[in-house]
Amino acid sequence: MGDGAGGGRYRREDVARAAGVKVRNLRYYQERGLLPPPRREGRIAWYSDDHLTRLRLISDLLGRGYTVNGIAELLQAWEGGGGLSGLLGLERELTRDWVREEPVTMTRAELRELFGPAATAEDTRRAAELGYVTVDGDLVTHRSPRLLDATLALVREGVPLADILDAGEFVQAQAAALADRFVGLFRRHVIGPAGLERLSAKQLQHITEAVTALRPVAGEVVTTEFARAMARRVDEEVAELLRTEQ
DNA sequence: CTTCTTACA
DNA sequence: TGTAAGAA
């Protein structure tokens, strides 16, 4: 959070890699109006954090089966609401903290050292496929230090990495479903049927505040319910173990 | 030489 | 979506 969020400090290749899209598609998205043009400085194009956020949103939506045109419409509706600055503000609110973690980069050797012989190249490939890491030559970048730590903790307890990745894939699907559910609620009851198209600056402000207020609620509900489910399940498991060992 | 664009398959 | 060719 040191320097201003405005400017632009990514080159074409950098944003593309960070967002997990191909460089070729930057231009494509631009042409389709999904991505604002970068700031130009001579022959180099500078992309900002806002571009990166937008790019991640686009590739995520695309990955879930939305069409390019569908996304264009959505984005257009948003822009109609509060102008570009309002849109970018809301977009930031919607995704903050969920994508804000600072990635960690290490060499393959360092990765092996962390995981020990348990980690195969196949595991790395799979982790990349699931979006946990991106591989660039000898460098491996993990999206989330927290997830990396959690994975390491499990591996050190003897859980096979392949099984952890299976669990990760499952959790991703469930998490996406949960997020869809919450976003659906939000859309229906906070934004309303009118959509964002003709909202005043004040209304947009209210929505932004609502997002800020409600985001922790969604997390709260999920962690609480998860804790309860885990407690129940663990109790059952313990009871079962005690039964069979008698 | 590198970074982008244009244009075509 | 890949890529050859040209502009800057």
K.L.:
Nearest whole Å is fine: how far is B:dT5 P from A:Tyr29 OH?
P.N.:
16 Å

K.L.:
Please collect all side chain to side chain donor-acceptor pair (under 3.5 Å) contacts where either partner lies in residues 111-121 of chain A, sequence neighbours excluded, each pair once.
P.N.:
A:Thr120-A:Asp123

K.L.:
Between C:dT1 and A:Lys22, is there an OP1 or OP2 to side-chain N/O distance shorter than 4.0 Å?
P.N.:
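Negative; the distance criterion is not met.
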
K.L.:
Is the backbone N or O of A:Val140 less than 3.5 Å from a side-chain atom of A:Arg108, with the two atoms forming a donor-acceptor pair by type?
P.N.:
no

K.L.:
Without decimals, in angstroms, what is the distance between A:Glu41 CD and B:dT3 C1'?
P.N.:
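In whole Å, B:dT3 C1' lies 13 Å from A:Glu41 CD.
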
K.L.:
Do other residues, nucleotides or ligands put more than 12 heavy atoms under 6.0 Å from A:Glu13 CD?
P.N.:
no

K.L.:
Roughly how many Å is it from CG in A:Leu26 to P in C:dT1, rounded to a whole number?
P.N.:
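My rounded result for the distance is 12 Å.
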
K.L.:
Grab the CD-C1' distance between A:Glu13 and B:dC4 for me, whole Å please.
P.N.:
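It works out to 12 Å between those atoms.
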
K.L.:
Looking for any heavy atom pair under 4.0 Å, which part of the strands does A:Arg12 touch: base, sugar-phosphate only, or nothing?
P.N.:
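The residue A:Arg12 makes sugar-phosphate contact but no base contact.
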
K.L.:
Answer yes or no: does a side-chain N or O of A:Arg11 lie under 4.0 Å from OP1 or OP2 of B:dC4?
P.N.:
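Indeed not, no polar side-chain atom of A:Arg11 lies that close.
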
K.L.:
If you draw a 6.0 Å radius around CZ in A:Arg12, do more than 12 non-hydrogen atoms from other residues or ligands fall strictly inside?
P.N.:
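Check passes, neighbour count above 12.
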
K.L.:
Quick one: do A:Glu31 and A:Arg27 make a salt bridge, cutoff under 4.0 Å?
P.N.:
no

K.L.:
Looking at the side chain of A:Ile44, which of B:dT5, B:dT3, C:dT1 is the nearest nucleotide?
P.N.:
B:dT3

K.L.:
What is the distance from CG of A:Leu62 to P of C:dT1, rounded to the nearest Å?
P.N.:
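Answer to the nearest Å: 8 Å.
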
K.L.:
To the nearest angstrom, how far is A:Gln30 atom CD from B:dT5 atom P?
P.N.:
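About 7 Å, once rounded to whole Å.
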
K.L.:
A:Arg126: what forms a salt bridge (Lys or Arg N to Asp or Glu O under 4.0 Å) with it, not counting sequence neighbours?
P.N.:
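Here the qualifying residues are A:Asp166, A:Glu169.
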
K.L.:
Can you tell me if A:His51 uses its side chain to pair, donor with acceptor, with the backbone of A:Pro36 under 3.5 Å?
P.N.:
yes

K.L.:
For a quick check, with a 4.0 angstrom heavy-atom cut-off, what is the B/S/- contact string for nucleotides 3-8 of chain C, read 5' to 3'?
P.N.:
B----B

K.L.:
In whole angstrom, give the distance that lies between atom OH of A:Tyr28 and atom P of B:dC8.
P.N.:
18 Å

